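These notes concern the structure reproduced below.
Please read these numbers as outputs of a predicted model, since none were measured by experiment. In what follows, residues are counted from 1 in the order of the sequence shown.
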Amino acid sequence: MAAALLLTMGDYGMSWDEMTRWDSGDLKLQYFERLVGEGGSVWGSAGANDVYPGLFDLPLAAYAKYVGGDRVLAGHLYTIFFAVLAVCGAGLIGREVGGWRLAFWSSLFLALLPRFYGHAVFNPKDIPFAATYTWALWGVIQVARGMPDGKFRRWVGAGLLAGLAMSTRLPGMIVLAYLFGLLAYRFVSQSIPTDGRRWRPPPRSELLDGIGGYVVASVCALVLLLFVFPGSHVNPFASSAKVVSKLHDFSQSIPVLFRGQVYDAGTTPWYYLPWMLLMVTPVWQLLLLLVGVGFALRSIVAQYLRKVWWPADVLPLGVTCLGFAFPLLYILVTQPAIHNGVRHAMFVLPAGAVLMGYGLTQFMDWIGKTRRLGLIAGYVLVSGLVATNVFTLIQLHPYQYVYFNRLVGGPSAALGWYETEYWFTSMADGFRELEAWRREQGLPDEPVKVMVTGPLEIAEYQLPDGWVLTQSARDANYFLGNTQFAGHLLVEGEEIVVIGRMGLPILVVKKLPSLGPTN
């Protein structure tokens, strides 16, 4: 995956969120420079709306200021780094759950998810959070495996990993809740009588060690957050709660296209997220996920039926299920303002990939006990399905994230029904195609005026030298319209270039009857 992304990263355009992250990183860097240089600084009104910690933004800001170079290239390389971390994290969790065979399938299934792969170059928020959240889950598993020995190094490691998740997006503090829940469950399980006697308290030494370990983990996480998030410097608890609350609601008015109807993000149907997960995940991987969840529940329930209240062998599997299901259930219950399909829940995909791999390995083990030929046929079938995903990724390149499965009818059937190329990354591709068309037509190499849909700052950053942006169709020589929300229909003109994948038109370039001298 890493090699493929690095070799083709030049094909991916710039997303509308990248400049926002640049501004956020620059603001934080200025704050810390004043803090160090002047011995004091205030995170004032300029940062009041900055709800993201700077684990991703700050290093890029420092690179741009002190090293220089192409900021887009640096950001894309950094995002790929986190994408690879997420794939490796899924593999490590898979190894804890079921050994190296499951580790392989977990990593492969995550890398093959078109929605994950498609964001792996240019998504500066959700890909880094997916990586840090996955590694933090692995840290929770290490603590679970270490109980009841009370080794603080496991708690320290889990706390630092939780801190990295929080330093990417503050909802990463949910990992601290997982650790607390794990600790509480340990004490409850130790108190359950197994011989008909009364409930008994857990050993005092273990209780103190557990509480101490949790305090250490929480302190490590919060200290790490202080290094990248100025908003936490006054009161880390109050500011964190305020930011999480703001994240819940600040996207209320963003338009969302869902099942052919436009909603505000705060008014989408309650089933928006699970519906989109069903629509954008390859069907065969959905089936493996369901099989994996079924086998996982069977394994966990079997332990409790045997009255094993601390089932050490299946704890990694339980943590994985928790890390996948709890955020989705939380979103279903609280109904935050989310948009862009599954983007805001992308951090659960690595755990979902582990459950897909678990479903495959358990199913194959079950077949292998009775039918050796069936086992071989099963792996041949899975290999073929993997190949179809690879072929799909190639067909959609570099717009893998617009993938929709056969339940929708494929990407082509999603137009007008769901959000497609909402990042507007096709702008750079459109400029390249327009330049090539002009050369083919033998037109002079001179400045032209173009009108675009989408963020103007993104278009301006990628605009060829000498070209001019205009917001007037009467002045423009060409119009680049993204099909998202039917933007390509805003201006009439002669279609000269259509950029599309798998039957889905993504960007339409039109020649306009401009009043200017250049055509």
Side-chain angles (χ1 to χ4, degrees), residues 5-23 60 63-64 68-77 79 118 121-124 396-399 401-402 420-485 487-501 505-519:
L5 289 172
L6 290 172
L7 289 173
T8 62
M9 62 182 296
D11 299 335
Y12 291 85
M14 188 178 178
S15 69
W16 54 259
D17 214 19
E18 292 185 62
M19 279 192 169
T20 304
R21 307 303 345 126
W22 295 356
D23 294 340
L60 280 185
Y63 167 83
D70 188 336
R71 202 166 187 174
V72 175
L73 175 63
H76 287 187
L77 285 171
T79 307
V121 173
F122 54 76
N123 186 333
L396 289 173
H397 180 79
Y399 306 106
Y401 85 96
V402 303
T420 51
E421 216 276 282
Y422 53 79
W423 280 116
F424 293 92
T425 63
S426 55
M427 197 68 65
D429 209 1
F431 289 144
R432 287 193 294 263
E433 292 291 334
L434 179 53
E435 284 185 299
W437 180 87
R438 286 178 54 81
R439 286 193 299 269
E440 291 175 0
Q441 301 300 311
L443 295 176
D445 187 14
E446 60 185 28
V448 298
K449 293 182 179 181
V450 295
M451 179 183 178
V452 304
T453 58
L456 294 179
E457 64 273 17
I458 300 299
E460 187 175 14
Y461 190 90
Q462 302 174 102
L463 198 66
D465 292 339
W467 289 25
V468 178
L469 279 179
T470 178
Q471 298 185 55
S472 170
R474 290 177 58 83
D475 294 335
N477 306 120
Y478 301 97
F479 170 70
L480 282 73
N482 192 296
T483 60
Q484 172 78 347
F485 287 111
H488 63 299
L489 301 179
L490 292 175
V491 176
E492 293 185 359
E494 177 190 353
E495 292 187 4
I496 57 176
V497 175
V498 177
I499 296 172
R501 297 292 186 274
I506 292 173
L507 184 86
V508 177
V509 182
K510 296 180 179 180
K511 178 183 175 183
L512 305 182
S514 171
L515 298 179
T518 302
N519 289 310

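Using a 4.5 Å heavy-atom threshold, the side chains of Leu480 and Met427 count as touching. Within the 4.5 Å cutoff, side-chain heavy atoms of Ser426 are placed close to those of Asn482. In this structure, Ile499 and Glu433 have side chains that are in contact, with non-hydrogen atoms separated by less than 4.5 Å. Leu77 has its side chain within reach of Leu6: a pair of non-hydrogen atoms, C-beta onward, lies under 4.5 Å apart. Here the side chains of Phe122 and Met14 are not in contact, with every heavy-atom distance at 4.5 Å or above.
Closest approach of Val450 and Ala476 over heavy atoms only: C-CB, 4.3 Å. Between Thr453 and Gly487 the shortest heavy-atom distance is CG2-O, 3.7 Å. When all heavy atoms are compared, the tightest approach of Pro398 to Arg501 is CD-NH2, 3.5 Å.
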Notebook entry, point to check: Can you check side chain to side chain contact (heavy atoms under 4.5 Å, CB included) on Arg71 and Glu18, steps first, answer last?
Noted result: CA-CA 10 Å; Arg71 202 166 187 174; Glu18 292 185 62; over 6 Å; no
Next item on the list: Assess whether side chain to side chain contact (heavy atoms under 4.5 Å, CB included) is satisfied between Tyr12 and Thr425, documenting all intermediate values.
Entry: CA-CA 7 Å; Tyr12 291 85; Thr425 63; over 6 Å; no
Notebook entry, point to check: Given Leu5 and Val121, is the side chain to side chain contact (heavy atoms under 4.5 Å, CB included) satisfied, shown in steps?
Noted result: CA-CA 7 Å; Leu5 289 172; Val121 173; 3.7 Å; yes
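Residues passing the side chain to side chain donor-acceptor pair (under 3.5 Å) test with Thr79: none are found, sequence neighbours excluded. In this structure Asp70 satisfies the side chain to side chain contact (heavy atoms under 4.5 Å, CB included) test together with Val72, Leu73, Tyr461, sequence neighbours excluded. Contacts of Pro455 classified as side chain to side chain contact (heavy atoms under 4.5 Å, CB included), with partners at least two apart in sequence or in another chain: Trp16, Phe424, Glu457, Ile458. Scanning for side chain to side chain contact (heavy atoms under 4.5 Å, CB included) contacts around Gln441 gives Trp437, Leu443, with sequence neighbours left out. The ring-ring contact (aromatic ring centres under 6.0 Å, His included) test applied to Phe431 returns no partner, not counting sequence neighbours. Every residue meeting the side chain to side chain contact (heavy atoms under 4.5 Å, CB included) condition with Ala436, not counting sequence neighbours, appears here in chain and number order: Arg439. Among residues two or more places apart in sequence or in another chain, the salt bridge (charged side-chain N to carboxylate O under 4.0 Å, His left out) test is passed with Arg21 by Asp57. Remark: Asp11 pairs with His397 by the side chain to side chain donor-acceptor pair (under 3.5 Å) rule, at least two apart or across chains.
Looking only at distances, no side-chain donor or acceptor of Gln462 sits under 3.5 Å from a matching main-chain atom of Gly13. Between the Tyr63 side chain and the Gly68 main chain, a donor and an acceptor come within less than 3.5 Å of each other. In terms of modelled atom types and a separation under 3.5 Å, the side chain of Lys510 and the main chain of His488 share a donor-acceptor contact.
The CZ atom of Arg474 sits 12.5 Å away from the CE atom of Met451 when rounded to the nearest 0.5 Å. Once rounded to the nearest 0.5 Å, the distance linking CZ of Phe485 with OG1 of Thr420 reads 9.0 Å.
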Identify all side-chain donor-acceptor contacts of residues 463-470 below 3.5 Å with residues at least two apart in sequence or on another chain.
{"residue": "Thr470", "atom": "OG1", "partner": "Ser472", "partner atom": "N", "Å": "3.2"}

Identify every side-chain donor-acceptor pair in residues 490-498 under 3.5 Å, counting partners at least two apart or on other chains, and give the distances.
none

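With ring centers used as reference points, Tyr401 lies under 6.0 Å from Tyr422.
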